[in-house]
Structure formats: C-alpha cells, structure tokens
Amino acid sequence: MVRNSLPETSAFLSGMLAMLGGLSGAAFLITAKGRVVAANRVGRNVFGIGPEPDSTCLPIRPDVLDDILGSDQAVFHVFTTPEGDRLNVSCTRVSAEDAGGPYILVQESNGASIASKFVQAHRQIQESRLMQDRVARAEAKMRAEVARWRHLSMTDRMTGLLNATGFRDRVSERLAGQASATILYADLNGFKSVNDCMGHSAGDKLLHEIAQSLNATIRSGDIAGRMGGDEFAVYMPSCDLSEDPQGQDRLRKAMSRRFPVLTGNGGTRILTVQPAIGIARFPKDGATLTALLECADRRMYADKARTKSGPDDPSTKIARAS
C-alpha cells in the first residue's frame with residue numbers, strides 16, 4: 001500500500017485494503033492514472049504485483065479511465081492477464097478528495113456488492129463532515145446575530161452609551177471583583193429650559209453631545225450609561241471620586257453647557273445646563289449596584305436642592321458622603 005503522512009489518506013487506504021482483503025476475487029484500488037495503490041492477495045497473484053503495489057499500473061486505456069472517472073455508476077471492463085486470461089471487472093469511481101483522490105475501485109464483477117457498501121459508507125462520512133461544517137457555520141452566524149441584538153438592546157440609540165439595562169448588567173458583572181469603586185449619578189439642571197426655548201430636537205442633540213463629552217472624559221476602564229431622560233451614571237473601578245476634586249471638576253465641565261438665546265424684545269438670554277451630582281462608594285455605601293445607585297441618587301437630589309437654593313456657584317458643588 002502507498003505510504004502517506006496524511007492521517008485522512010492513511011485511514012482511507014487502510015480501510016480500503018481491509019475491504020479488499022475480504023473479497024474472494026481479484027480487487028485493486030488505482031489512481032486516476034491507473035497506478036495501483038492497494039490490491040488484495042488474489043489481485044497481486046493474477047497480475048504478478050509485488051509488495052509495493054504503487055509501482056505497478058493496470059493495463060487500462062486512458063479513454064476508459066476517463067469514462068470511469070466521469071460516471072457515478074460502475075463501468076464494466078475486461079482485462080487480459082499476463083497469462084492471457086480474460087478478467088471481467090467492475091470499475092467504480094471513489095471521490096475521496098480528502099484522501100488524495102479520486103480513486104478507482106477495480107474488482108471482479110461478483111464482488112461488486114461488498115465494494116459498493118464501502119464506497120457508500122465513505123461518501124456518507126464525507127457528507128456528514130460537510131453537514132457538520134454547515135451546522136457549525138450556521139451556529140456561528142446565529143451566535144453573532146444574538147450578540148448583535150443583545151448589544152442593540154443594551155444601547156441607548158440617542159447617545160450611543162449603554163442604556164439603564166445595559167449599564168446595570170455590565171456593571172453588576174464587574175463590581176463583585178473590585179476592592180473599591182465609585183458610582184456617580186448626574187442629572188442636568190436647566191435641561192428643561194433648553195427643550196422649552198429651543199425645541200426637543202435641540203435637547204436631543206445636547207444629550208448626544210454631553211454623552212460623547214462624558215465618554216471622552218472618563219478613563220478607559222470606566223463605564224458610562226444614560227439612565228433615562230437627562231440622567232447619567234458612571235462606574236469607576238478602583239476609584240474614590242469623593243477624594244478627587246480635579247476629577248469631579250472634569251466631569252462637571254464635560255456635562256456643562258451655556259447657550260445664548262434671542263428673546264422676543266431683541267435681547268439675549270443665556271441658558272445654562274449644569275449637572276447635579278451624587279457619589280456613592282463601594283463597598284462603604286452599598287454592597288450591590290442597586291444600593292449604590294439609590295445612595296448616589298439621593299445625594300444627587302441633595303446636590304440639586306443646594307445648587308438651586310444656595311448663593312454659591314453650582315458648578316463648584318458636589319454631593320459629598322457624610
């Protein structure tokens with residue numbers, strides 16, 4: 001039998017050789033050029049084939065080889081042996097592309113039923129592999145589609161940030177593995193005036209701009225989300241923002257805007273949008289994301305009340321943990 005390092009080829013030829021050995025008549029496996037790669041004992045004796053069968057070619061014309069290779073049916077042929085005897089054989093194409101094929105199975109006609117079973121079994125293996133590949137590709141496509149829809153379901157379309165559901169899911173996964181973290185909750189003071197004076201399309205554009213500015217200001221490992229309306233949340237792992245006045249100031253500036261608006265009498269009114277902010281620290285202020293958001297939300301409303309009623313510039317205020 002021909003030697004080949006490919007495991008698929010070796011497995012195929014070994015199987016064919018075992019099958020050929022079970023036939024009572026002469027039987028061979030030949031290449032598309034007629035070279036013998038396997039033969040049973042009777043076949044070697046009939047044609048005087050030595051221990052290296054791949055060194056021998058059967059006496060079969062090229063046009064007959066082409067006829068066999070071009071058909072899925074058995075083609076009958078007559079060989080004349082070296083002793084001058086006539087040998088009636090059936091020739092069947094065996095695809096076996098994964099094993100260096102195609103090959104031709106040549107055997108005395110009375111053994112065709114056994115050979116066809118082997119050929120059919122090999123074809124079934126090839127078809128099974130193709131089906132497995134199709135199933136694997138379909139599963140990969142389905143997983144990608146599920147991931148895409150999950151991403152869309154967790155994204156706020158107006159701002160491109162995570163929505164409330166996405167923020168909760170993403171942060172809950174990461175919070176348990178942190179030794180410390182900060183949750184910031186912000187509401188935009190003055191946003192309603194933008195909607196009233198400039199229209200809702202201007203308000204939507206403002207939310208998008210503030211979201212992009214916020215996302216550009218936070219660190220690469222932080223997570224920002226729009227929780228609804230004009231409310232935003234930021235998760236900052238390994239951070240205590242209450243002890244970082246410069247970090248607070250950067251976030252306030254990222255969410256602050258001023259708009260000149262013409263009034264009816266020809267004057268100009270300045271609309272100011274500034275965030276009211278509340279901070280909660282993990283694990284001191286809560287062991288779960290829900291508890292941290294509730295704490296930060298309360299402090300945000302306390303900051304909102306101070307910035308609306310106090311004499312100081314609201315941009316300098318932030319809710320601090322007591």
Side-chain angles (χ1 to χ4, degrees), residues 1-140:
M1 197 174 105
V2 77
R3 296 178 177 84
N4 196 304
S5 60
L6 294 176
E8 296 86 353
T9 303
S10 299
F12 171 76
L13 294 179
S14 296
M16 288 297 298
L17 188 60
M19 184 275 295
L20 294 176
L23 301 178
S24 57
F28 314 87
L29 185 71
I30 64 176
T31 66
K33 294 183 178 180
R35 186 173 297 277
V36 178
V37 294
N40 66 359
R41 181 180 56 82
V42 178
R44 290 197 301 271
N45 290 338
V46 168
F47 282 92
I49 298 174
E52 297 293 338
D54 58 310
S55 63
T56 303
C57 282
L58 290 184
I60 182 169
R61 299 194 312 270
D63 60 322
V64 176
L65 285 170
D66 291 341
D67 289 343
I68 297 169
L69 293 171
S71 173
D72 287 330
Q73 305 298 321
V75 175
F76 292 93
H77 188 62
V78 179
F79 281 136
T80 300
T81 71
E83 301 296 330
D85 298 324
R86 292 170 63 86
L87 184 66
N88 296 318
V89 296
S90 65
C91 304
T92 307
R93 176 171 59 84
V94 182
S95 295
E97 284 83 0
D98 58 344
Y103 296 100
I104 298 173
L105 182 64
V106 179
Q107 65 177 125
E108 286 189 76
S109 299
N110 59 2
S113 60
I114 297 177
S116 63
K117 289 181 180 179
F118 183 86
V119 171
Q120 182 180 12
H122 185 71
R123 286 175 180 170
Q124 288 175 345
I125 292 173
Q126 288 182 308
E127 291 172 357
S128 176
R129 289 175 179 172
L130 290 173
M131 181 60 69
Q132 290 174 359
D133 289 342
R134 293 192 197 102
V135 170
R137 287 194 297 269
E139 289 178 348

Novice: Does Met19 reach the side chain of Leu17, with side-chain heavy atoms less than 4.5 Å apart?
Specialist: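 They are not in contact (no side-chain heavy atoms under 4.5 Å apart), so the answer is no.
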Novice: Just by distance, do the side chain of Asn40 and the backbone of Ala26 share a donor-acceptor pair under 3.5 Å?
Specialist: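 Not a single qualifying donor-acceptor pair exists.
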Novice: At their closest point, which heavy atom of Ala27 faces which heavy atom of Gln107, and how far apart are they?
Specialist: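 Closest approach of Ala27 to Gln107: CB-CB, 3.9 Å.
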Novice: Run Leu58 and Phe47 through side chain to side chain contact (heavy atoms under 4.5 Å, CB included) and show every step you take.
Specialist: CA-CA 8 Å; Leu58 290 184; Phe47 282 92; 4.3 Å; yes
Novice: I need the minimum non-hydrogen distance between Phe28 and Ala39, along with the two atoms involved.
Specialist: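 Minimum heavy-atom contact is CD2-CB, 3.7 Å.
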Novice: With no hydrogens and no angle check, is any side-chain donor or acceptor of Arg35 less than 3.5 Å from a backbone partner on Ile30?
Specialist: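 Answer holds: no.
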Novice: When you look at Arg93 and Leu105, which way does the side chain to side chain contact (heavy atoms under 4.5 Å, CB included) test go after all the steps?
Specialist: CA-CA 6 Å; Arg93 176 171 59 84; Leu105 182 64; over 6 Å; no
Novice: Holding to side chain to side chain contact (heavy atoms under 4.5 Å, CB included), I want the full list of residues that pass it with Gln132, two or more places apart in sequence or in another chain.
Specialist: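 Ser128.
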Novice: Taking the side chain as C-beta and beyond, is there a heavy-atom pair between Val94 and Pro102 under 4.5 Å?
Specialist: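 A side-chain contact is absent here, since even the closest heavy-atom pair is not under 4.5 Å.
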Novice: Give the intermediate values and the outcome of side chain to side chain contact (heavy atoms under 4.5 Å, CB included) for residues Thr31 and Val37.
Specialist: CA-CA 7 Å; Thr31 66; Val37 294; 3.5 Å; yes
Novice: Between CD1 of Ile104 and OG1 of Thr92, what distance do you get to the nearest 0.5 Å?
Specialist: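 If we round to the nearest 0.5 Å, Ile104:CD1 and Thr92:OG1 are 9.5 Å apart.
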Novice: Given the rule in the side chain to side chain contact (heavy atoms under 4.5 Å, CB included) test, do Phe79 and Val106 qualify, once you have shown the distances and angles that lead to the verdict?
Specialist: CA-CA 10 Å; Phe79 281 136; Val106 179; 3.6 Å; yes
Novice: Among residues at least two apart in sequence or on other chains, which ones pass salt bridge (charged side-chain N to carboxylate O under 4.0 Å, His left out) with Asp63?
Specialist: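 By the salt bridge (charged side-chain N to carboxylate O under 4.0 Å, His left out) rule, Asp63 matches Arg61.
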Novice: Would you find a donor on one side and an acceptor on the other, under 3.5 Å apart, between the side chain of Asn88 and the backbone of His77?
Specialist: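 Judged by distance alone, no pair lies under 3.5 Å.
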Novice: Which atom names give the shortest non-hydrogen contact between Ile68 and Cys91, and what distance separates them?
Specialist: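 Ile68 and Cys91 have their closest heavy atoms at CD1-CB, 3.3 Å.
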